[in-house]
> 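I'd like to ask some things about the structure below.
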2 protein chains.
Amino acid sequence: MTKQPIKTEQTIQVFKALADPVRLEILQYLNGLDHEVACGEVGAAIGISKTSGTYHFKILQAAGLITARKEAREKYVAIDRGTFDTVVGHFWDQL
Amino acid sequence: MTKQPIKTEQTIQVFKALADPVRLEILQYLNGLDHEVACGEVGAAIGISKTSGTYHFKILQAAGLITARKEAREKYVAIDRGTFDTVVGHFWDQL
DNA sequence: AAAATAGTTCAAAATATTTTGAACTATTTT
DNA sequence: AAAATAGTTCAAAATATTTTGAACTATTTT
């Protein structure tokens, strides 16, 4: 059971996802909660349009920084700190 | 003597600097060394043009990820792990 | 059944980043 | 003094990211 190396592509995807003020606001909002919330709640809280929300949540999810679960009409999102900790925590080692 | 909060702008600048394959290669090269080297050596090692080097080294330096010192004709660069550790290490705290 | 709600898709426009080459400055070598 | 070397500057072109609005799907409320 040896540790999996992290691919450069994943590292870049995560850093790109983190390198945007809107997405940092989303993460900040989610980080203050200990439960999932609907995308609409986040969007309303930080003042972005639905369309913009769809775009940014997709990037965060693809990077593994949030989890997303669609239930009927709504999509529930929550922060996923594991990806950050893994990718960023091992940055120097496997750079 | 309380810790300084890190501004969102700096966090974004650092993540943006890290979110590029050329710059990751530069950091990887520098990370394997324990001394400064001329920009030209790095550029030759990873196969980029002088112009491209100038562009990327400037971004890395502005983000605080490398130190740069001009001596006569050459510019010597070295990795600066402190910025990464500070900005990224405190990410969740002060998000 | 109609209206409202939550979110998505698509394409166009706006904006930001990266690459490229030519001309340049300053320094070192011949 | 001329040539070579290390890096910079500038502007244009190429590419990537972000924003916007209209039309849409699926679900829930009235």
Side-chain angles (χ1 to χ4, degrees), chain A residues 7-30 33 35-79, chain B residues 7-30 33 35-79:
Chain A
K7 290 201 202 70
T8 297
E9 289 70 34
Q10 193 193 359
T11 303
I12 289 176
Q13 189 179 28
V14 168
F15 284 141
K16 274 191 180 168
L18 290 166
D20 176 272
V22 172
R23 292 191 291 270
L24 247 33
E25 280 201 271
I26 292 173
L27 291 177
Q28 184 166 37
Y29 185 82
L30 295 179
L33 304 172
H35 50 80
E36 61 179 13
V37 284
C39 287
E41 174 180 330
V42 182
I46 70 174
I48 58 173
S49 66
K50 286 188 305 178
T51 316
S52 178
T54 298
Y55 174 69
H56 289 292
F57 286 119
K58 183 165 42 192
I59 285 171
L60 288 169
Q61 186 186 0
L65 292 165
I66 61 171
T67 58
R69 179 176 71 83
K70 184 110 193 189
E71 183 180 325
R73 256 191 335 187
E74 335 209 40
K75 182 157 97 177
Y76 291 97
V77 292
I79 204 158
Chain B
K7 290 201 202 71
T8 297
E9 288 71 33
Q10 193 194 359
T11 302
I12 289 175
Q13 190 179 27
V14 169
F15 284 140
K16 274 190 180 166
L18 291 166
D20 177 271
V22 172
R23 292 191 292 271
L24 246 32
E25 278 199 272
I26 292 173
L27 292 177
Q28 184 168 36
Y29 185 82
L30 295 178
L33 305 172
H35 51 79
E36 61 180 14
V37 284
C39 287
E41 174 181 330
V42 183
I46 70 174
I48 58 173
S49 67
K50 287 188 305 179
T51 317
S52 177
T54 299
Y55 173 70
H56 289 292
F57 287 119
K58 185 166 42 193
I59 286 173
L60 288 169
Q61 187 186 0
L65 292 165
I66 61 171
T67 58
R69 179 177 71 83
K70 182 109 195 192
E71 183 179 326
R73 256 191 334 186
E74 334 209 41
K75 183 158 97 177
Y76 292 96
V77 292
I79 204 159

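Quick note: numbers below take in every heavy atom, side chains included, and nothing from hydrogens, waters or symmetry partners. Letters A, B, ... are given to chains in the order of the sequence lines, protein chains preceding strands, and every chain is numbered from 1.
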> Whole angstroms only, please: what is the NZ-P distance between A/Lys70 and D/dT25?
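Rounded to whole Å, this separation is 14 Å.
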
> If you compare all heavy atoms of A/Val77 against all heavy atoms of A/Ala68, which two are closest, and at what distance to 0.1 Å?
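Residues A/Val77 and A/Ala68, closest heavy atoms: CG1-CB, 4.0 Å.
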
> For A/Glu74 and D/dT25, give me the distance from atom CD to atom C1', rounded to whole Å.
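Taking CD of A/Glu74 and C1' of D/dT25, I get 15 Å after rounding.
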
> Are B/Arg23 and B/Glu25 ion-paired here, with the side-chain N under 4.0 Å from a carboxylate O?
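A salt bridge is absent here (no side-chain N lies under 4.0 Å from a carboxylate O).
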
> To the nearest Å, give me how far apart CD (A/Glu36) and P (C/dA6) are.
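Value for this atom pair: 16 Å.
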
> Between C/dT8 and A/Thr54, is there an OP1 or OP2 to side-chain N/O distance shorter than 4.0 Å?
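So the side-chain polar atoms of A/Thr54 do come within 4.0 Å of the phosphate oxygens OP1 or OP2 of C/dT8, strictly under.
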
> To the side chain of B/Lys16, which of C/dT19, C/dT9, C/dT17 is closest?
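Of the options given, the side chain of B/Lys16 lies nearest C/dT17.
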
> Return the value, rounded to whole Å, for the distance between atom CZ of A/Phe57 and atom C1' of D/dT18.
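Distance check: A/Phe57 CZ to D/dT18 C1' gives 15 Å.
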
> Within the structure, does a side-chain N or O atom of B/Lys75 lie under 4.0 Å from either OP1 or OP2 of D/dT8?
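Yes, because at least one side-chain N or O of B/Lys75 sits under 4.0 Å from OP1 or OP2 of D/dT8.
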
> Using Watson-Crick or G-U wobble geometry with both distances below 3.5 Å, tell me the partner of D/dA22, or none.
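Across all strands, the one nucleotide that pairs with D/dA22 is C/dT9.
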
> Side-chain N or O of A/His56 versus OP1/OP2 of D/dT19: is the shortest distance under 4.0 Å?
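Checking A/His56 against D/dT19: at least one side-chain N or O falls below 4.0 Å of OP1 or OP2.
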
> How would you label the contact of B/Ile48 with the nucleic acid (heavy atoms, under 4.0 Å): base, sugar-phosphate, or nothing?
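Since no nucleic acid heavy atom lies under 4.0 Å of B/Ile48, the category is nothing.
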
> Would you say the side chain of A/Val37 lies within less than 4.5 Å of the side chain of A/Leu30, judging by non-hydrogen atoms?
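Sidechains of A/Val37 and A/Leu30: in contact.
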
> What is the distance, rounded to the nearest whole Å, between atom CD of B/Glu25 and atom P of C/dT19?
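Answer to the nearest Å: 11 Å.
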
> Given C/dA22, C/dT18, D/dA22, identify the nucleotide with an atom nearest to the side chain of B/Ile59.
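Looking only at side-chain atoms, B/Ile59 lies closest to C/dT18.
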
> Write down the distance between CD1 (A/Ile66) and P (C/dG7), rounded to a whole number of angstrom.
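Distance, rounded to whole Å: 12 Å.
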
> Nearest to the side chain of A/Arg73, heavy atoms from C-beta on, is which of D/dT20, D/dT28, D/dT8?
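Among D/dT20, D/dT28, D/dT8, the one nearest the side chain of A/Arg73 is D/dT28.
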
> To the nearest Å, how far apart are A/Tyr55 OH and D/dT20 C1'?
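Checked: the OH to C1' distance equals 13 Å.
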
> Both A/Glu71 and A/Asp20 contact DNA chain D. Taking the nearest nucleotide for each, which residue is further toward the 5' end?
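Closer to the 5' end of DNA chain D: A/Asp20.
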
> B/Leu60 has an atom CG; how far is it from atom P of D/dG7, in whole Å?
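My rounded result for the distance is 15 Å.
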
> Let's see if you can work this out: which of C/dT18, C/dA6, D/dA22 has an atom nearest to the side-chain heavy atoms of A/Lys50?
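Of the candidates, C/dA6 comes closest.
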
> Considering the options A/Leu27, A/Leu33, A/Ile26, which one meets the side chain to side chain contact (heavy atoms under 4.5 Å, CB included) requirement together with A/Val42?
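Answer after filtering A/Leu27, A/Leu33, A/Ile26: A/Ile26.
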
> Now, which nucleotide makes the Watson-Crick or G-U wobble pair with D/dT30, with each of the two distances under 3.5 Å?
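Across all strands, the one nucleotide that pairs with D/dT30 is C/dA1.
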
> So, is B/Arg23 close to the C/dT18 phosphate, meaning a side-chain N or O under 4.0 Å from OP1 or OP2?
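For B/Arg23, the contact criterion (side-chain N or O under 4.0 Å from OP1 or OP2 of C/dT18) is met.
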
> Which nucleotide in the set C/dT27, D/dT28, C/dT20 lies at the smallest distance from any side-chain heavy atom of B/Ala72?
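Shortest atom-to-atom distance from the side chain points to C/dT27.
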
> For the residue pair A/Glu41 and A/Tyr29, establish whether any side-chain heavy-atom pair is separated by less than 4.5 Å.
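Answer yes - side chains close enough.
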
> Given that both distances must come in under 3.5 Å, which nucleotide forms a Watson-Crick or G-U wobble pair with D/dT17?
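Check on D/dT17: paired to C/dA14, both distances under 3.5 Å.
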
> Carefully, step by step, assess B/Glu36 and B/Arg69 under the rule side-chain contact (heavy atoms from CB on, under 4.5 Å).
CA-CA 9 Å; B/Glu36 61 180 14; B/Arg69 179 177 71 83; 2.3 Å; yes

